[in-house]
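Here the structure comes first, spelled out in structure tokens, and everything after it is commentary.
As the structure is a prediction and not an experimental result, all values here were calculated from the model.
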Amino acid sequence: MYLPLFLVAAAVVGACMVFGYSQALVGLTLMAVGVLGLIMFLSTRGMVKRPGESGTVIEERHYMGIGERDDRRYRGL
């Protein structure tokens, strides 16, 4: 659960160890890690439909009644 926070902290500490500590460096590192995380989140499999994937069910209705066309009173026909 806290793994992304540890990775961000590790990136900031590593950048500070390499380039020296400054507020600008911490801000730029946090911004770069945030943009990288956003790009990785948007590139996950659930965001883009691949060829061959099935469609999405938007709405499913169930009509109650005995007859075959008993749903007329629910649809306003």
Side-chain angles (χ1 to χ4, degrees):
M1 180 175 175
Y2 296 108
L3 183 64
L5 292 176
F6 289 135
L7 293 175
V8 169
V12 171
V13 170
C16 289
M17 289 177 67
V18 171
F19 298 110
Y21 176 78
S22 70
Q23 290 180 349
L25 178 69
V26 171
L28 288 174
T29 305
L30 287 173
M31 193 167 47
V33 169
V35 168
L36 182 66
L38 183 63
I39 290 171
M40 290 176 62
F41 173 73
L42 290 176
S43 68
T44 57
R45 189 165 174 84
M47 296 299 293
V48 179
K49 288 283 186 188
R50 308 279 185 220
E53 287 186 2
S54 62
T56 304
V57 175
I58 297 174
E59 183 177 343
E60 182 178 343
R61 295 183 183 191
H62 297 275
Y63 297 104
M64 299 173 65
I66 301 172
E68 181 181 332
R69 299 287 298 167
D70 193 43
D71 59 338
R72 291 182 187 200
R73 62 183 160 154
Y74 294 104
R75 292 192 298 171
L77 298 176

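Applying the 4.5 Å side-chain rule to ILVMFWY residues, one finds Val18, Phe19 in the same cluster as Leu25. Through chains of ILVMFWY side-chain contacts below 4.5 Å, Leu30 is grouped with Val8, Val12, Tyr21, Val26, Val33. Alongside Leu36, the hydrophobic cluster contains Met40 (criterion: ILVMFWY side chains under 4.5 Å). Grouped by direct or indirect side-chain proximity (heavy atoms under 4.5 Å, Ile/Leu/Val/Met/Phe/Trp/Tyr only), Met31 sits with Leu28.
Thr29 approaches Ala11 most closely through the heavy-atom pair CG2-O, 3.7 Å.
Qualifying side chain to side chain contact (heavy atoms under 4.5 Å, CB included) partners for Phe6, counting only residues two or more places apart in sequence or in other chains: Tyr2.
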